[in-house]
Every structure is written in C-alpha cells, then in structure tokens.
Amino acid sequence: MTTAVKNQILAPVQEFINKPKRLLIDGDWIEPVEQGGFTTIDPATGNVICEVPHGTHHDIDRAVAAARRAFDHGPWSRMRPNQREKLLWRVGDLIEAKADVFAQLESIDNGKPASIARRSDVARTADLFRYYAGWATKLEGSTVDVSMPRVTEGEFHAFTLREAIGVCGQIIPWNFPLLMAAFKLAPALAAGNTVVLKPAEQTPLTALLLGEVFCEAGMPPGVVNIVTGFGDAGAALAAHDHVDKVAFTGSTEVGKKIVDAARGNLKKVSLELGGKSPNIVFADADFETAVEGSVNAWLSNQGQACVAGTRLYVEDAIFEEFMRAVAERVSKVKIAPGLDPASEMGPLVSQEQLDRVTGYLEQGLADGARALTGGRRRGEQGYFLEPTVLVDVRPDFSVVREEIFGPVVVAMPFSAADGIDAIADVANDTDYGLAAGVWTRNISTAHRLARRIKAGSIWVNQYNASDFALPFGGYKQSGWGRELGTDGIHLYTQVKAVNIAL
Ligand code: NAP
Ligand code: MG
C-alpha cells in the first residue's frame, strides 16, 4: 500500500485490521479447531491486508451446534417479536454509526470505491436491518373457515401459524460482502431463525466487523455465528444434517452443488445465482438518461454484479450514435484505488477475477468482436481493468452467452420493426433470468416487454434501483426463491396448519 493511501485509513479501520481475527461461535470469538489462517488481499495493490481464521468443517460443526441450541432451547425463537425488532433496529443504528469504518474496510477488502460503499452498500445495509426489524412484529397466520368431510360432525377452529424454519446456513459472495450478509441475516433473524454465515474467502472482513456489531447490540449467544473459510466450509454447511435451510448467493455452478449437498436431509434451499441480463434501448428513449443509465447498468461495482445489464440491445436507428456516447462516457470514468475520494471505479476483486475477465476479452476478440473502448489492464499494481465495450458480436460468442462478471458489455443493434415478440425472444435467449432493462417513452412497449421478458426484476427507464419492499431473485438458472420484501420473509418461515375440533 502506498504511504499516501495508508495515511487516509481511519484509525478504527487500522485497529480492526491489526488485531487478531477469530471465528464468532456461540457468542465467543474463538480460534478454529485446526489452527491457522489465510490472508485477504487488497485488490488495489495486491498486498496482504491481514490474516483471518481458516474455518473448516470442524468449525461448521461447532457453529451449527451453537445455532441449534440457540434455536431449540435458546431465547431467540421464543423472544417476543418486539424484542427481536428492537435488537435488529439497534444493529442498523450501530452500522450507521460506524458507516465510515465499514465503508473503508469494504473498499480495502473488495476494491470498490469507499465513497460508493458509504452511500450505497453500507447505508443500504443499515436500512435493510431496519426494514426487516419491522417485519418481526408483522408475521401473521390466518384463520380458515373449513368445510370438512362430513365424517366428523361438529365445529372446527382452523388456523395457520407462520413459524421460523430453524438453523439457516448462509453462504455469500465477494461482490457486495456486507450487503449480501444483510440480505441473508436480516430476514432470517427477524423471523426468529438462527444462522451460520460463511463469507467469501476474498472478502471476509466486513462480515467479521458485523459480528462485532451483533455482539455489541446484545444478540444472544449462538444466534449469529460467523465462520470464515473456503468453499469446503460452505460445502460442509450446505450438507449439514442439523441445518434446516441453506441460502446461497454466488455462481450458478456452485448453486447446483448446493442443491446436491442439500439432498441428505432435504433442507430448504434458496439460491440467488448468476445473470446475463438484457438491457434494451429504443430510439424514442431519452438519449442522455439512457446512455448514463445503460453505463450504470453494466459498469456499476466494476461490473461485478449478478444483475449487470451486460447484453446491451440498441435500436438500429440510433445504434452508432448511442454506442459512441457510451464509449465516450466510460472513457471518462475515473479509475483509481477505492480509498481515493475521486475514484468512480476500483480494481476487480482478485487476480483470479482479472484473469477470468481478460480471458473472456481475449476470446471475444479472437471470435471477431471489436472493442470500441477499453480492453486493457490499467497499471502494473492491483487488478484494474478498463471498462470495455464490445461490438460486432454474434449471439453464439461466449462473451454474449456467459456471465463475465467484470466491466465488459456486449452491444448489438435490433430493429423495432421486428416487433415486440421478436425482441423479447432475443432478450430471453439465455439460460439466465435475473433482470432486464427497457428504455422507451412508449408505455405500451414498456409494459408489453415487462410481461414477456423472463426475469425476476424488470427496470424501465432506470437500471439497478431496487427497493427492499420488492422481491428480488431469478427466473430459470438465476435461482430459486425471492429475497427481500414479503417474499424474503416467506423464504425464512414455514406455515403450519392447526385444525381443532371444538
Ligand atoms: P462462488 O464459487 O459461487 O462463491 C460463492 C460462495 O460460495 C463463496 O462463499 C464460496 O466460498 C462458496 N463456495 C464455493 N464452493 C462451494 C461449495 N462447493 N459449496 C458451498 N459453498 C461454496 O463464486 P466465485 O468463485 O467467488 O466467483 C466465480 C463466478 O461466480 C464469478 O466470476 C461470477 O461469474 C459468479 N458470481 C456470481 C455472483 C452473484 O451474485 N450472482 C456473486 C459472485 C460470483 P469461496 O469464497 O471460498 O470460494
Ligand atoms: Mg470461489
């Protein structure tokens, strides 16, 4: 790390980095069973930030046992809903109070600009805990007027109870480390579940800081357990017989492994997986807004977003002009280490991810694609890559079909004369179905495409603005289940029917 950047690090961030890290199990910070750690890297420099504990299946066993006790015998599931509500609200407040610390730590560990982490990832995380805090007191069953078979005469009182599922294993990726932890933890806890969280190996730090926040907020022991480690720890969690539900966000490839691992005890499974989302710009759209919004659609978070609008379809009448404007816009993006206050785009998360993305670029160019801008690594130090706009692509190219997870967009013209169904067919020509964007002033076009596109989120004349009250998840191979909103609570509860002969 250069001295200039080091000087910007806040004292509490440096303190957190310097102190030894442990696993959070049963309310205590403890060493892993097989002593040892692994390093986490600053992607802006490639330098080691610090060591974190290397948790293995032994630690998953201990964490699951603690979560089991806390659920089966502990106070959490039996606590009054408003006590859970207060505690989750306090978590949100504490995150907000430490927002600068969380933002810098996220930036150092993941690479994203700290200023963006501060106003987006961290602010949204605090809000998400408060959103689900409110749900703790709003869980309801219903009474049902039954028409039972005539074998039993008499009156009945039938109703449903909405109950927590139990011990939840939660496995999260590195692209939004803190926010993804909140997507998983907040609804699970609001509903009265207990949790074992496995953060991504590349970005374990904010999850550990979040663990401290839970302790400070007064979370009872065993309710939230955090085990840092690699894929094998995630696999042990997904397969564990004493885990009642596994929730996973990450690649579709690992998502399928989670499904296999869950077979043993048929635990509930929810999956939020990859995407290759279409973003469709009509000639009647507001030009400037559509340029800005389309860039945000694929470049946000260095392009490392499951919802990224990476297949850009632009109506032929404006294709050339629109793509020139997009290329010009992205060539002005300020690429710099995340701690630089002027940074709009940081490095990719790891050398592995940089290699993966540049591999796709090489393949795309070899297939015949042309880069309007970008395509090169920036600097010798860190994992910086220029935003890259590819044109002259065909639908069978790997850069068009596969999730690249980096700052790369493929752009293709379409003809509005082909009709809405044909445009929807092109948009739907993918194994994924996470999100889609439509830019038009024609309300009929917008609504008709919104119905025809097979994706969990459709954004019209904006991209990426989602709300915690709206469900989020994927069609097709983009996942199972919906997080956020009412659906997010349903993902962490199950319904029991009680039928009483009076
Ligand atoms: P990944 O392997 O799917 O990792 C996601 C999480 O699953 C991490 O915590 C990972 O641990 C864990 N994991 C890995 N193997 C596991 C297994 N067999 N059982 C249970 N958990 C396991 O994703 P990645 O390797 O970090 O990234 C690869 C590609 O996935 C990216 O290039 C991108 O295309 C896609 N991706 C998508 C999303 C999304 O939000 N949809 C997020 C991240 C990545 P480790 O960290 O130790 O591997
Ligand atoms: Mg991995």
Side-chain angles (χ1 to χ4, degrees), residues 275-301 303 305-330 332-333 372-373 387 389-395 399-401 403 407-467 469-476 478:
K276 189 76 184 178
S277 296
N279 188 30
I280 307 165
V281 182
F282 285 85
D284 68 0
D286 182 277
F287 191 88
E288 295 304 327
T289 314
V291 168
E292 190 65 32
S294 297
V295 169
N296 167 55
W298 59 272
L299 197 53
S300 172
N301 211 44
C306 50
V307 291
T310 47
R311 286 187 293 137
L312 178 58
Y313 298 100
V314 182
E315 192 173 336
D316 45 14
I318 60 164
F319 184 81
E320 298 289 331
E321 189 192 357
F322 193 87
M323 293 317 302
R324 252 199 318 276
V326 165
E328 198 188 310
R329 172 71 187 81
V330 300
K332 289 186 190 136
V333 168
L372 277 187
T373 183
V389 178
L390 296 181
V391 293
D392 298 346
V393 295
R394 280 204 322 267
V399 286
V400 178
R401 304 219 67 82
E403 181 174 51
V408 181
V409 72
V410 293
M412 291 152 281
F414 71 89
S415 166
D418 292 344
I420 293 289
D421 286 334
I423 297 165
D425 284 348
V426 170
N428 288 331
D429 182 20
T430 169
D431 292 335
Y432 296 111
L434 198 53
V438 180
W439 302 79
T440 178
R441 286 192 173 103
N442 185 321
I443 194 169
S444 169
T445 300
H447 278 287
R448 287 164 69 205
L449 272 176
R451 286 172 186 236
R452 283 165 175 74
I453 294 174
K454 297 184 177 115
S457 296
I458 309 284
W459 291 309
V460 178
N461 294 332
Q462 62 103 343
Y463 203 100
N464 273 339
S466 49
D467 190 277
L470 287 169
F472 176 73
Y475 280 45
K476 301 197 276 184
S478 288

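Below, each value reflects all heavy atoms present in this structure, side chains not excepted, and no hydrogens, waters or symmetry copies. It should be emphasised that the depicted structure is a prediction, and the values quoted were computed from it without experimental measurement.
One distance of note links OG of Ser444 with CG of Leu449; it measures 9.5 Å at 0.5 Å rounding. Going from atom CD1 of Ile453 over to atom CG of Asp425 covers 10.5 Å, rounded to the nearest 0.5 Å. In this structure, NE2 in His447 is found 12.0 Å from CD1 in Ile458, a value given to the nearest 0.5 Å. We find the CG-CZ distance between Leu312 and Phe319 to be 7.5 Å, quoted to the nearest 0.5 Å. Interatomic distance, Phe282 CZ to Thr445 OG1, rounded to the nearest 0.5 Å: 5.5 Å. Atoms CG and CG, on Asn464 and Asn296 in that order, are 5.0 Å from each other to the nearest 0.5 Å.
Nearest heavy atoms, Arg401 versus Pro395: NH1-O, 2.9 Å. Here the closest heavy-atom approach between residue Ala446 and residue Val438 is recorded as CA-CG1, 4.4 Å. Residue Ser478 comes nearest to Gly433 through the heavy atom pair OG-N, 2.8 Å, listed as atom of the first residue, atom of the second, then distance. Smallest separation of non-hydrogen atoms from Leu372 and Met323: CD1-CB, 3.7 Å. The two residues Pro278 and Ala435 come nearest to each other via the heavy atoms CD-O, 3.4 Å. Of all heavy-atom pairs between Ser300 and Ala305, the closest is O-CB, 4.4 Å.
Checking side-chain atoms of Glu403 against main-chain N and O of Lys276 turns up no donor-acceptor pair under 3.5 Å. Arg311 places a side-chain N or O within donor-acceptor distance of the main-chain N or O of Ala427, the cut-off being under 3.5 Å. Without hydrogens or angle criteria, Asp284 side chain to Arg441 main chain gives a donor-acceptor distance under 3.5 Å. Using a distance-only test at 3.5 Å, with no hydrogens or angles considered, a donor-acceptor pair links the side chain of Tyr463 to the main chain of Gly309.
Two residues are said to be in side-chain contact when any heavy atoms from C-beta on lie closer than 4.5 Å; Ser294 and Trp439 meet this criterion. Trp459 has its side chain within reach of Ser466: a pair of non-hydrogen atoms, C-beta onward, lies under 4.5 Å apart. Here the side chains of Ile423 and Tyr313 are not in contact, with every heavy-atom distance at 4.5 Å or above. Side-chain atoms of Asn279 and Val409, non-hydrogen and from C-beta on, never get closer than 4.5 Å to each other. The shortest side-chain heavy-atom distance between Phe414 and Val426 does not fall under the 4.5 Å cut-off. Residues Val389 and Trp298 have side chains in contact (heavy-atom distance under 4.5 Å, counting atoms from C-beta outward). Considering only heavy atoms from C-beta on, Phe472 comes within 4.5 Å of Ser457 through its side chain. Using a 4.5 Å heavy-atom threshold, the side chains of Val399 and Val408 count as separate.
Looking at Arg324 and Glu328, no side-chain N of the basic residue comes within less than 4.0 Å of a carboxylate O on the acidic one, giving no salt bridge. Using a 4.0 Å cut-off between charged nitrogen and carboxylate oxygen, Arg452 and Asp421 count as a salt-bridge pair.
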Where do Ile318 and Val281 land on the side-chain contact (heavy atoms from CB on, under 4.5 Å) test, with the steps shown first? CA-CA 9 Å; Ile318 60 164; Val281 182; 4.3 Å; yes

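When the shell of 6.0 Å around NZ of Lys454 is examined, it contains 12 or fewer heavy atoms from other residues, nucleotides or ligands.
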